Structures are given as structure tokens and as C-alpha cells.
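Below is one structure, written out as C-alpha cells; comments come after it.
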Amino acid sequence: METKEMEFTHVVKEQKSTIYTVCYMFSNDADEVNDLFQEVLVNLWKGFDSFEGRSDVRTWVYRVSLNTCISQDRKKRRRKTIPLSMSVNLFEDQDSDARQADMLRKRISRLGAFDRAIILLWLENMSYEEIGQVVGISTKNVSVRLFRIKEQLKKMSNE
């Protein structure tokens, strides 16, 4: 295996959970999550040569993952599809933690794509500065947007 391929494989192994988390926030369908994951990998590979290391690898992976998922989400909204239903739902779990996490995921999915990205990064315990670097806004703007997003989520809990 070439050095580039080995480096890429190492990055993917290190950031696999990050990529999966982003993909999961943009879909609750296991097949669609896997498709998003593959699309992110393709885009990471395409951009791997141009990554100059000016930011942390994790920041770059988040940015590519979010941009890929947001783009796919926009494409999906433009075309009408009829989902196939399965008798088994792998995302369904019965304990209270799983129900709360699912409720939060459903509320977050009602947010706009950009706000979803910001709250996801915040839930991943990234600093406001890191979030700003990933999504391309100032730290102050991150703070303001997060406040507004949290308010939106609170209002959804009262509905």
C-alpha cells in the first residue's frame, strides 16, 4: 500500500466515529447513513491531497463531513422519494436513554442544516473557536447562534 493510502486509512480509522456521528445526525435510516458515510469518504479522498494541515485533521474531517451531508440533504429535499419500510428498525431501542436521545435527534432534525451542524459540534464538546473554524463563522457568531438554537429546541420540547 502506498504512503498516501496508508495515511488516509489512518485518518479514517481515527475519525470514523466523527464521520458516523455527523452522518447519523442527518438521517435516521441505516442505509442512508451508510450511503452518507461512503460519500464523505469519497470527498475526503478527493480532498486529501489538498489538505495542507493548516487546521487540525479532526476539524477538516468535520468540515468535509458536514458539507457532504448538507449537500446530500439539499439534494434529497429537491427530489421526491418513497421510502421502503422494513419490519425491523435497528434504530429503535426501548430504554429511557435511547428514547431521550431519539427525541433530541428528532428535534435537531427539524432545525436547518447549518444549525444542525453547529449543535452537533457543540454536542461533540468542541469549543466555540473550533466550531467557528469548522463552519466558517466567528466565535462570537457561534455563541449567538448556539443561544438561539437552544431556545428553539426548548420551544420544541413544549410543543
Side-chain angles (χ1 to χ4, degrees), residues 1-84 90-91 101-153 156:
M1 193 180 315
E2 291 183 32
T3 306
K4 176 184 171 185
E5 291 171 4
M6 288 175 22
E7 288 175 20
F8 182 76
T9 302
H10 177 73
V11 168
V12 169
K13 283 181 182 176
E14 274 188 351
Q15 301 299 322
K16 183 179 178 180
S17 65
T18 298
I19 299 166
Y20 182 76
T21 301
V22 172
C23 294
Y24 181 71
M25 290 306 292
F26 281 84
S27 178
N28 61 350
D29 176 68
D31 290 332
E32 190 174 8
V33 169
N34 288 331
D35 290 345
L36 286 171
F37 189 89
Q38 288 179 1
E39 193 68 32
V40 169
L41 290 181
V42 167
N43 289 336
L44 286 170
W45 178 253
K46 286 179 181 177
F48 195 65
D49 285 334
S50 62
F51 177 65
E52 298 172 351
R54 283 187 261 158
S55 65
D56 185 57
V57 171
R58 182 174 179 234
T59 302
W60 177 69
V61 168
Y62 262 117
R63 186 170 215 138
V64 171
S65 300
L66 287 168
N67 287 339
T68 301
C69 290
I70 289 169
S71 295
Q72 293 300 319
D73 189 55
R74 285 182 185 143
K75 287 178 188 176
K76 181 175 77 172
R77 290 177 193 271
R78 277 188 248 140
R79 66 178 187 266
K80 304 266 185 209
T81 58
I82 300 171
L84 297 174
L90 300 175
F91 288 97
D102 188 53
M103 193 175 4
L104 178 60
R105 185 194 55 76
K106 285 177 182 174
R107 287 182 191 151
I108 290 172
S109 71
R110 292 171 52 193
L111 297 171
F114 194 71
D115 288 345
R116 260 188 280 165
I118 291 172
I119 197 71
L120 167 67
L121 296 173
W122 180 76
L123 288 170
E124 288 288 318
N125 293 320
M126 291 183 83
S127 70
Y128 286 16
E129 185 178 329
E130 288 174 307
I131 294 170
Q133 289 174 351
V134 171
V135 298
I137 60 176
S138 71
T139 304
K140 180 66 176 168
N141 200 344
V142 169
S143 173
V144 170
R145 289 187 83 95
L146 269 172
F147 177 79
R148 290 179 181 158
I149 292 166
K150 290 175 190 176
E151 291 299 311
Q152 278 182 288
L153 292 172
M156 287 179 202

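We count residues from 1, following the sequence as given. Keep in mind that what you see is a predicted model, and the values were worked out from it rather than measured.
Here the straight-line distance linking atom CG of L111 with atom CD1 of I149 works out to 6.5 Å at 0.5 Å rounding. Distance CD1/I118 to CD1/I108: 12.5 Å, rounded to 0.5 Å. The distance from atom OG of S138 to atom CD1 of I131, rounded to the nearest 0.5 Å, is 12.0 Å. Taking CE of M156 as the reference point, atom NZ of K106 lies at 13.5 Å (rounded to 0.5 Å).
At a threshold of 4.5 Å between non-hydrogen side-chain atoms, the residues L120 and V22 count as touching. Side-chain contact check for I137 versus F114: some heavy-atom pair is nearer than 4.5 Å. You'll find the side chain of L44 stays beyond 4.5 Å of the side chain of V11, heavy atoms only. Residues I119 and L153 meet the side-chain proximity criterion, which asks for heavy atoms closer than 4.5 Å. For the pair F26/E32, no side-chain contact is recorded, criterion being any heavy-atom separation below 4.5 Å from C-beta on. In this structure, M25 and E124 have side chains that are not in contact, with every pair of non-hydrogen atoms separated by 4.5 Å or more. Side-chain contact between T21 and L123: absent, with no pair of heavy atoms (C-beta onward) separated by less than 4.5 Å. D29 places none of its side-chain heavy atoms less than 4.5 Å from the side chain of D35.
Taking D73 as the reference, R77, R116 meet the side-chain hydrogen bond (donor to acceptor under 3.5 Å, both in side chains) condition, with sequence neighbours excluded. In this structure R63 satisfies the side-chain hydrogen bond (donor to acceptor under 3.5 Å, both in side chains) test with no other residue, sequence neighbours excluded. Residues meeting the side-chain hydrogen bond (donor to acceptor under 3.5 Å, both in side chains) test with Q133, sequence neighbours left out: none.
R148 and D115 are not joined by a salt bridge, as no carboxylate oxygen comes within less than 4.0 angstrom of a charged side-chain nitrogen. No salt bridge links E2 with K4; every basic N to acidic carboxylate O contact stays at or beyond 4.0 Å.
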Derivation and outcome, side chain to side chain contact (heavy atoms under 4.5 Å, CB included), residues C23 and V40: CA-CA 9 Å; C23 294; V40 169; 4.1 Å; yes
Does the side chain to side chain donor-acceptor pair (under 3.5 Å) test come out yes or no for E130 and Y62, once each step is laid out? CA-CA 10 Å; E130 288 174 307; Y62 262 117; over 6 Å; no
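Ring planes of W45 and F8: perpendicular class, angle over 60° (limits at 30 and 60°).
By the neighbour-count criterion of 12 heavy atoms within 6.0 Å, atom NZ of K150 is densely surrounded, having more than that number from other residues, nucleotides or ligands. More than 12 heavy atoms of other residues, nucleotides or ligands sit less than 6.0 Å from atom CD of E14.
Considering every non-hydrogen atom in both S27 and V33, the closest pair reads O-CG2, 3.7 Å. Y128 and W122 get closest at one heavy-atom pair: CE1-CD1, 4.0 Å.
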